[in-house]
Amino acid sequence: GVLVNNPLLPDWRHLDELLLGGYWATAAGSSTPVSIYRPVVSLSYFLQVQTLNRPGAFHALNVLLHGSVALTLLSLLRRWLKPQTALVAALLFAVHPVQCEAVVRVASRPDLLCALFLLTAWGLLEDRKLLAAAGAYALALGSLECAVVFPAVYAAFVHWRRGPDGDRREFTTVAALGLLVVGYLGLRGALLEGPLIRGGTPYFGGVSAWVKFLTLARFWAECYLWPLISGFGIFLDPVRPFFPDAAPKDPVAIALLLGWTALAGGSLWAAFQRRAWGFWALFAALFLLPTSHLLFRYDTLGAQRFLYLPSIAVFILAASALEKIRTPLVAAALILWFSGRTLALEGAWKDQRTYWTAVLAQCPGSSPAHNSLGVVMAQEGDLAGAEKNFERAIALAPGRPEGYYNLAKLRFDAGRLDEAAARAELARTAYPKEPENLVLLALIAERRGQAERARAETQEYPTGPDGQDLEHLPDGGFEKVVETRAA
C-alpha cells in the first residue's frame with residue numbers, strides 16, 4: 001500500500017499530498033482516518049521512485065541506510081567507550097539477526113531513517129552544533145513516532161555523563177528538544193485526525209489488565225530478550241494468535257513480571273546514581289515505551305523492528321562485558337555466530353510466498369497470514385490455493401473482512417456475481433466501511449446493470465485511490481478503481 005500501486009509516488013504534482021498527508025493514507029482510503037505522519041519517509045520513497053524505481057534498489061538503499069546507522073553509532077560510541085568496545089558494539093548491532101525485519105523489509109525504512117537522524121542529532125549535540133542537531137532531530141521526528149522520547153533519553157544521558165551541573169547547563173537544550181516535539185505534535189494534529197499512535201484493532205481488546213501484563217512479561221522475555229541473547233526465537237509476524245495469552249495464575253509469567261518490575265526500578269535508581277548500565281537500560285525502555293501497550297493500545301503484540309533502536313543498549317552492555325573478559329576471540333565468535341543466524345533468517349523475506357509460508361510455519365492458526373498467502377497465490381494464478389487459504393482465514397477468524405472480500409473478488413473475476421455479492425456482503429457485515437469492499441460492491445452492481453445501486457454504494461467512500469470522484473465515473477469506471485485497489 002505505501003509503495004505498490006501508490007499513485008502519488010510517480011507524479012511530482014502529488015508531492016504536497018505526500019508531505020502534508022497521513023502515511024499510507026492512499027492505501028487506507030479517504031474514509032479511513034490515518035494518524036501516522038512520516039513525511040521524511042514518504043519523501044524518501046518518492047525520490048527513489050523518481051530515480052531508481054526497482055525492487056532491488058529499494059532493498060539496497062535499506063542496506064546502505066543500515067550500514068550508515070552502524071557507522072554513525074560507532075562514531076558516537078567512540079566518544080564514551082574504548083575503541084575496541086565501541087567497535088564490538090557497533091558490529092553486533094550491524095550483524096545481529098534481530099535487525100533483519102528492519103533492514104530486509106522495505107516498508108521498515110522508518111526505523112532506519114529515524115535511527116540515522118537521531119544518532120546524528122546526538123553527535124551534533126555533543127559537538128554543540130545545536131542548530132544542526134535540531135534539524136537532524138526534526139528529520140527523525142518526521143521519520144518515526146518513537147523519536148518523541150529522545151528529549152527524555154538525552155536528559156538522562158546528560159545526567160549520566162555530566163551530573164547535576166550538566167543537568168543545569170543542558171536544561172535549555174533539553175527544553176529546545178521538547179519544543180520540537182510539541183511543534184511536531186501540533187503539526188501532526190493540524191494535518192491529521194486521531195491520536196499520536198493508532199494501532200487498528202487493539203491486540204488486547206477484551207483481555208483483563210492483569211492478563212495483559214502477564215502476557216507482556218512473557219513476550220518481552222521470550223520474543224525480545226531471548227532472541228537478542230541467542231539469535232534464536234525471532235518471530236516474523238506479531239499478530240494474534242502467534243503468542244498465547246498468559247493464564248491469570250501462570251507462575252512463570254508472574255515471576256517474569258516481578259523481575260521486569262524490579263529491573264525497571266533498579267534501572268531508574270542506577271540511572272539516577274549515574275551508573276552506565278542504568279542509563280542504557282533506561283535508554284532501551286524509553287524507546288520501547290511507545291509500542292509497549294503501556295501508553296497506547298496497539299494492534300500487534302510487538303515486532304522485531306521495534307528493537308532496532310532499543311537493541312543498541314543491549315549490544316553496548318554486551319560489548320562492555322566482553323571487554324572485561326579480555327579475550328577478543330569470544331567477541332569474534334559472537335559476531336560470527338550472529339552473522340550466520342542473520343544469513344539463515346534473511347531468506348524468509350525472499351518473496352511474499354516464502355515469507356507468508358514461513359509465518360504459517362511459526363503460527364498455523366494465523367488468519368491474516370492465510371489471507372495474505374491467498375492473495376499472493378491469486379496474483380500468481382494459483383486460484384485453487386488462494387481459495388483454500390481464504391476459506392481457512394475465514395474459518396479461523398469469521399469476524400475479519402479480508403477473507404470474505406478476497407473470495408468475493410475471486411468469484412467476481414470468475415463471473416460468478418451472485419456468489420461474489422454474497423461474500424462481499426459478509427465482508428460489509430464484518431467491516432461496514434471497508435473502502436475496497438464498497439468499491440467491489442459497486443462494481444458488482446454495475447456488472448448487473450444496476451447503475452443507481454452502484455453509485456449508491458460509493459456514497460460512504462466518495463473518492464478513489466488517486467482522488468477520482470467515484471460518484472460520477474463513466475460506465476465501466478469502477479473496473480479500474482477495483483483493479484488498482486485490489487493490490
Would you mind reporting whether [Y] and [X] have side-chain heavy atoms less than 4.5 Å apart?
X	Y	answer
Leu125	Leu177	yes
Leu396	Ser366	no
Leu15	Leu43	yes
Ile254	Leu214	yes
Leu301	Phe204	yes
Asp237	Gln362	no
Ser311	Leu228	yes
Gln304	Phe235	yes

Donor-acceptor pair, [X] side chain versus [Y] backbone, under 3.5 Å?
X	Y	value
Trp210	Pro248	yes
Trp260	Ala217	yes
Thr342	Val95	yes

Nearest-0.5 Å distance that lies between atom [atom1] in [X] and atom [atom2] in [Y]:
X	Y	atom1	atom2	result
Leu76	Thr120	CG	OG1	9.0 Å
Thr51	Gln48	OG1	CD	6.0 Å
Glu346	Gln99	CD	CD	14.5 Å
Asn53	Leu47	CG	CG	12.0 Å
Arg353	Ser372	CZ	OG	13.0 Å
Ser143	Asp111	OG	CG	10.0 Å

[X] versus [Y], closest heavy-atom pair with distance:
X	Y	result
Ala246	Val211	O-CG1, 3.3 Å
Ser292	Trp220	O-CZ2, 3.8 Å
Leu282	Ala271	CD2-CB, 4.1 Å
Leu236	Trp349	CD2-CH2, 3.5 Å
Arg400	Ser367	CD-OG, 3.9 Å
His293	Lys212	O-NZ, 2.7 Å

Q.
Pair Trp277, Ser267 - check side chain to side chain contact (heavy atoms under 4.5 Å, CB included), show working.
A. CA-CA 7 Å; Trp277 78 265; Ser267 300; 3.6 Å; yes
Checking [X] now: which residues fulfil side chain to side chain contact (heavy atoms under 4.5 Å, CB included) with it, not counting sequence neighbours?
X	result
Val158	Tyr154, Arg162, Asp167, Glu170
Ala303	Glu101, Pro238, Arg305, Phe306
Thr354	Lys350, Asp351
Ala147	Cys114, Leu118, Tyr137, Ala140, Leu141

With a 6.0 Å cut-off (strictly less than), is the heavy-atom count around [atom1] of [X], excluding the residue itself, greater than 12?
X	atom1	answer
Arg78	CZ	no
Ile325	CD1	yes
Trp80	CH2	yes

Regarding [X] and [Y], does a basic nitrogen lie under 4.0 Å from an acidic carboxylate oxygen?
X	Y	value
Arg38	Glu145	yes
Asp299	Arg240	no
Asp250	Arg218	yes

Less than 3.5 Å apart, which donor and acceptor atoms pair up between the side chains of residues 54-66 and the rest of the protein, not counting sequence neighbours?
from  : atom 1 : to     : atom 2 : distance (Å)
His59 : ND1    : Val104 : O      : 3.0
Asn62 : OD1    : Arg109 : NE     : 2.9
Asn62 : OD1    : Arg109 : NH2    : 3.3
Asn62 : ND2    : Val103 : O      : 3.2
Asn62 : ND2    : Arg105 : O      : 3.3
His66 : ND1    : Tyr308 : OH     : 2.7
His66 : NE2    : Ala94  : O      : 2.9

Between [X] and [Y], does the ring centroid distance fall short of 6.0 Å?
X	Y	result
Phe272	His159	yes
Trp337	Phe232	yes
Phe219	Phe243	yes

TODO: Under the side chain to side chain contact (heavy atoms under 4.5 Å, CB included) rule, what do Leu288 and Leu307 come out as? Steps first, then yes or no, please.
DONE: CA-CA 7 Å; Leu288 275 175; Leu307 292 176; 4.2 Å; yes
key: Side-chain H-bond candidate by donor/acceptor type, Trp122 with Glu126, under 3.5 Å   = no
* Derivation and outcome, side chain to side chain contact (heavy atoms under 4.5 Å, CB included), residues Ile316 and Phe283 -> CA-CA 11 Å; Ile316 289 172; Phe283 172 99; over 6 Å; no
Contacts of Phe315 meeting ring pair (Phe, Tyr, Trp, His ring centres under 6.0 Å) (sequence neighbours excluded), chain-then-number -> His96
So Val376 and Glu380, side chain to side chain contact (heavy atoms under 4.5 Å, CB included) or not? Walk me through it.
-> CA-CA 6 Å; Val376 174; Glu380 295 175 349; 3.6 Å; yes
